[in-house]
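Okay, so here's the structure we're looking at.
Atom set for the values below is all heavy atoms of this structure, side chains included, hydrogens, waters and symmetry mates excluded. By convention here, the first residue in the shown sequence is residue 1.
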Amino acid sequence: NKAFYFYQLSANQGNSHGQNNLGYCYQIGIGISKDLNKAFNFFQLSANQGNENAKKKVEELKKLLEKWKKEKNEKKQNKSNQVNLTNSKN
C-alpha cells in the first residue's frame with residue numbers, strides 16, 4: 001500500500017502527522033496487519049510532539065488496552081477457579 005509506505009517514510013523522519021497516520025494504519029490494518037501496540041506507539045510519538053488527534057487516540061487506546069487486559073485477567077482467574085473447584089472435588 002503506497003499510503004502506508006509514505007506515512008512510514010514520514011514517520012521515520014519524525015513528522016508528527018506521518019506518525020499519527022501510521023498509527024491509524026496499524027490501528028485499522030491499512031497496508032499492514034492490525035497491531036494496536038504499534039498503533040499506540042506511533043500515536044504516542046505524535047502526541048509527544050503536540051498532535052491533538054494523536055493525543056485523543058492515545059487516551060482511546062489506553063482505555064481499550066486496559067479493558068482488554070482486565071478481561072484477559074478475569075478469564076485467566078475464572079479458569080484458575082474452575083481448575084481449583086475440579087481439584088477440590090477429587
Same cluster (ILVMFWY, side-chain, under 4.5 Å), Ile32 and Leu61: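 No.
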Same apolar cluster: Phe6 and Ile28, side chain cutoff 4.5 Å: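 No, no single cluster joins them.
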Straight-line distance of [X] [atom1] to [Y] [atom2], nearest 0.5 Å:
X: Tyr24; Y: Lys57; atom1: OH; atom2: NZ; result: 6.5 Å
X: Tyr7; Y: Asn21; atom1: OH; atom2: CG; result: 4.5 Å
X: Asn20; Y: Asn15; atom1: CG; atom2: CG; result: 10.0 Å

Asn12 side chain to Gln8 side chain, donor-acceptor N/O pair below 3.5 angstrom: no
Contact summary for Gly23 and Ala39, nearest pair of heavy atoms: O-CB, 3.3 Å
Ala11 versus Leu22, closest heavy-atom pair with distance: CB-CD2, 3.8 Å
Residues which pass side-chain hydrogen bond (donor to acceptor under 3.5 Å, both in side chains) with Gln77, listed by chain and number, not counting sequence neighbours: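 In terms of side-chain hydrogen bond (donor to acceptor under 3.5 Å, both in side chains), with neighbours along the sequence ignored, Gln77 is linked to Asn81.
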Leu64 side chain reached by Glu60 side chain, heavy atoms, under 4.5 Å: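 They are not in contact (no side-chain heavy atoms under 4.5 Å apart), so the answer is no.
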Which pairs, with at least one residue in [range] and sequence neighbours excluded, count as a salt bridge (charged side-chain N to carboxylate O under 4.0 Å, His left out)?
range: residues 68-78; result: none
range: residues 39-55; result: Glu52-Lys55
range: residues 11-38; result: none

Sequence neighbours excluded, every pair satisfying ring-ring contact (aromatic ring centres under 6.0 Å, His included) that has a member inside residues 25-44: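 ring-ring contact (aromatic ring centres under 6.0 Å, His included) check on residues 25-44 returns Phe4-Tyr26, Tyr26-Phe42.
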Residues forming a side chain to side chain contact (heavy atoms under 4.5 Å, CB included) with Ser16, sequence neighbours excluded: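 With sequence neighbours excluded, Ser16 shows a side chain to side chain contact (heavy atoms under 4.5 Å, CB included) to Gln19, Ser46, Gln49, Asn51, given in chain and number order.
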